[in-house]
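This report concerns only the one structure given below.
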Amino acid sequence: MRRKLVCGNWKMNGNLVSNAALLAGIKAGLEPSNCEVAVCVPAVYIPQCQSTLTGSTLGWGAQDISAHTAGAYTGEMSVSMLRDFSCKYVILGHSERRAYHGESDALVALKMQRVLQFGLTPIVCVGESLAERESEQTKAVVSAQMEILLAAIDAADLAKVVIAYEPVWAIGTGKTATPEMAQGVHAIVRAKLAHKNGELAQAVRILYGGSMKPDNARELLAMPDIDGGLVGGAALNSADFLAIVHSA
Ligand code: 13P
């Protein structure tokens, strides 16, 4: 049985004061459960997470990382630096990074290798745009993204990866994929994973992301291949985030 994971993606939001309140609210409302819960925050606030969350069941991580290990890469951050602050997760290949920073599938695959090399958990995002969905290319687009990732990974490492299906048209728009639509794509992702290793594919968590809210989380999370959520806007409010965690 796969352990569900609900991860907040704060994107470029927050400040020291609001973060303290948000983290305290989440910590206070977290009940012992089998659901893994984490927040991926702007890098400068990772030390704040470490000092606030050490000893709690709430994990933390980053929203991107360099594909390099060290050196002359101005503005970049390495996975080993994240490890210094006990980060467990790194979101990779978010559609906002693909769109605004030109990240390619090949670069995302390299970053995934780097994150695995240093023992953190990559949460790798895939998903189609609205134009791709409307021209019925969802399966082709997501399959192609998965194939590039899978070519870069050893079969033995498969279960260490988390995949997040985030239809680009559902991110921050209030439009959510229906549970059936999302399940359909999650099943495609699982089938791709199974080509690599049938048994380990069953252990890989596939999260849904895109306007997940307290009022739609339960239905989405009830689908057989939806193993958690990557939550944007609703992760900035402790009551909403906790409601999603409780649904999981
Ligand atoms: P929203 O939940 O705000 O739609 O964002 C989803 C997302 O991009 C999570 O990574």
Side-chain angles (χ1 to χ4, degrees), residues 4-14 18-19 22 26 35-43 45-46 49 58-65 87-101 103 105 108 111-112 115 120-130 132-133 138 141-142 145-146 149 161-179 181-182 185-186 189 205-221 223 226-248:
K4 284 207 162 46
L5 168 63
V6 175
C7 182
N9 174 8
W10 287 9
K11 308 193 179 183
M12 199 172 73
N13 291 295
S18 67
N19 298 345
L22 179 52
I26 299 171
C35 179
E36 211 171 303
V37 188
V39 288
C40 286
V41 305
Y45 296 126
I46 288 171
C49 285
L58 185 56
W60 60 94
Q63 301 171 6
D64 180 42
I65 199 62
C87 286
K88 190 162 172 205
Y89 308 90
V90 190
I91 297 172
L92 296 176
H94 192 283
S95 61
E96 288 151 14
R97 293 215 58 86
R98 293 175 188 259
Y100 309 141
H101 301 273
E103 291 200 11
D105 290 316
V108 174
K111 291 184 175 192
M112 178 186 68
V115 172
L120 276 72
T121 299
I123 301 176
V124 190
C125 302
V126 298
E128 82 287 4
S129 67
L130 182 60
E132 289 161 346
R133 160 84 41 185
T138 300
V141 168
V142 173
Q145 289 173 327
M146 286 302 300
L149 289 176
V161 175
V162 174
I163 303 291
Y165 168 55
E166 296 209 324
V168 179
W169 48 271
I171 295 174
T173 58
K175 290 183 195 156
T176 324
T178 63
M181 273 159 97
V185 180
H186 282 230
V189 170
R205 272 95 56 92
I206 308 174
L207 314 185
Y208 170 79
S211 298
M212 188 180 258
K213 307 280 179 213
D215 60 4
N216 60 28
R218 188 169 294 276
E219 274 186 311
L220 285 160
L221 292 163
M223 301 311 279
I226 301 186
D227 307 310
L230 188 56
V231 185
L236 300 174
N237 174 295
S238 57
D240 287 352
F241 187 62
L242 285 165
I244 295 172
V245 171
H246 291 150
S247 298

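Both ligands and their constituent atoms are indexed starting at 1 by order of listing.
For atom 2 (O) of ligand 1, the closest non-hydrogen atom of the protein is Gly232 N, 2.9 Å. Protein heavy atom closest to atom 10 (O) of ligand 1, with residue, atom name and distance, is Glu166 OE2, 2.8 Å. Scanning the protein for heavy atoms near atom 3 (O) of ligand 1, the closest one is Gly233 N, 2.8 Å.
In this structure a side-chain-to-backbone donor-acceptor pair under 3.5 Å is missing from Asp227 to Ile163.
Counting non-hydrogen atoms of neighbouring residues, nucleotides and ligands closer than 6.0 angstrom, the CD atom of Glu219 reaches no more than 12 such neighbours.
Proximity of Gly210 to ligand 1 is established by a heavy-atom distance of less than 4.0 Å. Contact between Lys11 and ligand 1 is present, with at least one heavy atom of the residue lying under 4.0 Å from the ligand.
By the 4.5 Å heavy-atom criterion applied to side chains, Ile123 and Cys7 are counted as neighbours. Proximity of Trp10 to Leu22: side-chain heavy atoms (C-beta onward) are separated by under 4.5 Å at one or more points. Side chains of Met212 and Val6 form no contact here, defined as non-hydrogen atoms less than 4.5 Å apart.
At a heavy-atom distance under 4.0 Å, only backbone atoms of Ala170 (N, CA, C or O) approach ligand 1. At a 4.0 Å heavy-atom cut-off, ligand 1 touches Asn9 through the side chain alone.
Residue Gly172 has at least one nitrogen or oxygen atom sitting less than 3.5 Å from a nitrogen or oxygen atom of ligand 1, judged on distance alone.
Checked by atom type, the side-chain pair Tyr165/Gln145 shows no donor-acceptor distance below 3.5 Å. Counting only N and O atoms by type, the side chains of His94 and Glu166 include a donor and acceptor under 3.5 Å apart.
Which parts of ligand 1 touch Ser211 is read off a 4.0 Å heavy-atom cut-off, strictly below it: atoms 1 (P), 2 (O), 4 (O). Under a 4.0 Å criterion applied to the non-hydrogen atoms of His94, ligand 1 contributes the atoms 7 (C), 8 (O), 9 (C), 10 (O).
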